[in-house]
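What follows is a set of notes on a single structure, which appears directly below.
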Amino acid sequence: MRVLVTGATGLVGQELVKQLHAENIDVNYLTTSRDKIKSEANYQGFYWNPRKNEIDQNCFDGVSAIINLAGASVGKPWTDVHKQALIDSRLNTIDLLKSSLQNKDHHIDHFISASAIGIYESDYRILHDEDSTVLSDNFLGELVKKWETKTEEMSELGMEISLVRTGLVLSEKGGALEQMLKPIQNYVGAVLGSGKQWQSWVHIEDIAGIYVHLLKSKLEGVFNAVSPNPSTNKELTFEISKIIDKPIILPPVPEFAIKLLLGERSTLVLSSHMVSAKKIQTAGYHFKFVQIKAALEDVLSHQK
Ligand SMILES: NC(=O)c1ccc[n+]([C@@H]2O[C@H](COP(=O)([O-])OP(=O)(O)OC[C@H]3O[C@@H](n4cnc5c(N)ncnc54)[C@H](OP(=O)(O)O)[C@@H]3O)[C@@H](O)[C@H]2O)c1
């Protein structure tokens with residue numbers, strides 16, 4: 001089997017490629033950087049530039065499914081220019097894949113795309129399952145809605161569609177955990193706001209494992225990709241502090257200060273998302289990491 005992966009060079013993509021290879025699944029991947037192109041029997045890179053509608057059509061050769069992870073990072077400051085890039089890098093990419101395949105002979109019957117739990121309304125009490133209609137109308141929520149709608153359009157090509165509503169990915173290689181870890185390591189870490197906001201996390205091996213499971217079991221539909229036990233910001237902060245043995249000495253950072261510092265992007269750390277993992281578990285996925293302590297111990301042990 002051979003799959004085409006977009007965003008394969010990113011945080012999730014690298015772990016996904018590792019797991020696909022372990023299952024003897026070959027990977028073609030699209031990258032926007034020519035210097036990231038490798039040419040190996042089971043890992044073949046192809047160039048694309050969605051802004052200019054450029055794509056190497058050979059990327060589809062022998063492929064039976066697409067896993068779509070491409071998207072500019074939400075971690076960078078949300079200037080007007082970057083906000084547009086966040087949208088374009090998720091919508092133009094899918095448009096380009098669709099228009100390329102429209103008049104082409106191919107055997108691709110499954111399109112699996114990243115999505116995010118930021119689609120759900122921030123709330124301290126609601127446990128969001130995939131049928132939740134309580135959706136967010138902030139920038140991130142609207143971005144994810146547009147992204148999912150665009151993804152669904154791939155069904156017009158006769159493909160099954162899967163949407164992976166991803167939580168906070170815990171990895172030693174970067175992402176949100178790195179941002180939380182650095183201040184704690186330097187004794188300037190603190191709980192953010194009330195600390196009561198739910199942060200539904202997922203270990204990097206599990207997020208990649210979920211993609212592989214959806215692919216191999218040909219599961220279509222919307223799936224939350226979060227561990228079964230979400231943590232609050234306070235729990236996460238203190239758990240990291242205990243594991244790396246650096247006490248939290250500062251008081252919580254007040255919400256207004258975070259808003260002043262991060263502006264609209266403060267929703268990334270202040271929003272509360274308690275999200276259910278029941279559907280993916282019922283669909284046969286067995287999480288490797290279900291408790292925050294074990295997940296953090298594993299991820300942080302790779303750091304030392
Ligand atoms: N990590 C999380 O906590 C998290 C949470 C929720 C949702 N997600 C979503 O899951 C997906 C994978 O996450 P990740 O953490 O692996 O992201 P990442 O490390 O930022 O990697 C995303 C990849 O997308 C490609 N990309 C960046 N800008 C692009 C553009 N303008 N046009 C086309 N491709 C572009 C890059 O690949 P090339 O340089 O090779 O082109 C990059 O390696 C993302 O779409 C992200 O929004 C992640």
Side-chain angles (χ1 to χ4, degrees), residues 4-19 27-38 43-56 59 66-76 78 81-97 112-120 136 139-141 143-148 150-151 162-180 199-208 210-211 222-227 230 236 267-269 271 273 275 295 299:
L4 174 64
V5 181
T6 74
T9 61
L11 190 71
V12 175
Q14 290 177 49
E15 175 64 24
L16 174 64
V17 168
K18 205 164 97 186
Q19 292 194 20
V27 174
N28 283 2
Y29 66 99
L30 281 162
T31 176
T32 55
S33 302
R34 289 189 199 274
D35 58 359
K36 290 187 193 166
I37 294 179
K38 289 196 179 154
Y43 188 61
Q44 179 63 59
F46 297 90
Y47 177 74
W48 71 340
N49 183 341
R51 268 188 306 124
K52 292 187 177 168
N53 254 355
E54 282 174 28
I55 185 167
D56 183 340
C59 68
I66 298 176
I67 300 180
N68 178 48
L69 305 175
S73 170
V74 294
K76 291 187 186 158
W78 291 3
V81 171
H82 191 60
K83 277 166 84 173
Q84 197 55 48
L86 290 171
I87 299 169
D88 292 345
S89 63
R90 286 171 174 79
L91 306 192
N92 296 352
T93 40
I94 297 176
D95 274 337
L96 182 54
L97 292 170
I112 306 174
S113 181
S115 175
I117 61 170
I119 195 167
Y120 299 122
S136 166
F139 172 73
L140 209 59
L143 169 68
V144 182
K145 279 183 230 167
K146 286 184 196 131
W147 193 14
E148 290 202 351
K150 185 60 77 181
T151 302
S162 313
L163 283 158
V164 183
R165 288 185 180 160
T166 309
L168 182 84
V169 175
L170 299 181
S171 161
E172 74 277 13
K173 293 194 179 126
L177 181 61
E178 195 178 39
Q179 303 305 315
M180 294 185 80
Q199 298 192 303
S200 292
W201 56 273
V202 59
H203 189 285
I204 182 76
E205 287 179 33
D206 280 318
I207 182 65
I210 288 170
Y211 279 103
V222 181
F223 293 90
N224 291 334
V226 293
S227 85
L236 254 175
T267 55
L268 285 177
V269 292
S271 292
H273 292 120
V275 175
V299 165

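Below, each value reflects all heavy atoms present in this structure, side chains not excepted, and no hydrogens, waters or symmetry copies. Atoms within a ligand are numbered from 1 in the order they appear, just like the ligands themselves.
The line from CG of L140 to CD1 of I117 is 9.5 Å long, rounded to the nearest 0.5 Å.
No side-chain heavy atom of Y43 sits under 4.5 Å from any side-chain heavy atom of V5. Side-chain contact between W147 and L163 is absent, with no heavy atoms from C-beta onward closer than 4.5 Å.
Annotation for A114 and L69: closest pair CB-CD2, 4.2 Å, computed over non-hydrogen atoms. T93 and S89 make their closest contact through OG1-O, 2.8 Å (heavy atoms, listed as atom of the first residue, atom of the second, distance).
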Can you produce the list of protein nitrogen or oxygen atoms under 3.5 Å from a nitrogen or oxygen of ligand 1, alongside each distance?
from	atom 1	to	atom 2	distance (Å)
ligand 1	3 (O)	V169	N	3.0
ligand 1	16 (O)	L11	N	3.1
ligand 1	16 (O)	V12	N	2.8
ligand 1	19 (O)	L11	N	2.9
ligand 1	24 (O)	G71	N	3.3
ligand 1	37 (O)	T9	OG1	3.2
ligand 1	39 (O)	K36	NZ	2.6
ligand 1	40 (O)	T9	OG1	2.6
ligand 1	40 (O)	T31	OG1	2.6
ligand 1	41 (O)	T32	N	2.8
ligand 1	41 (O)	T32	OG1	2.6
ligand 1	43 (O)	T9	OG1	3.0
ligand 1	43 (O)	G10	N	3.2
ligand 1	45 (O)	L69	O	2.9
ligand 1	47 (O)	R90	NH2	2.8

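Taking the charged nitrogens against the carboxylate oxygens, E148 and K145 have no contact shorter than 4.0 Å, which rules out a salt bridge.
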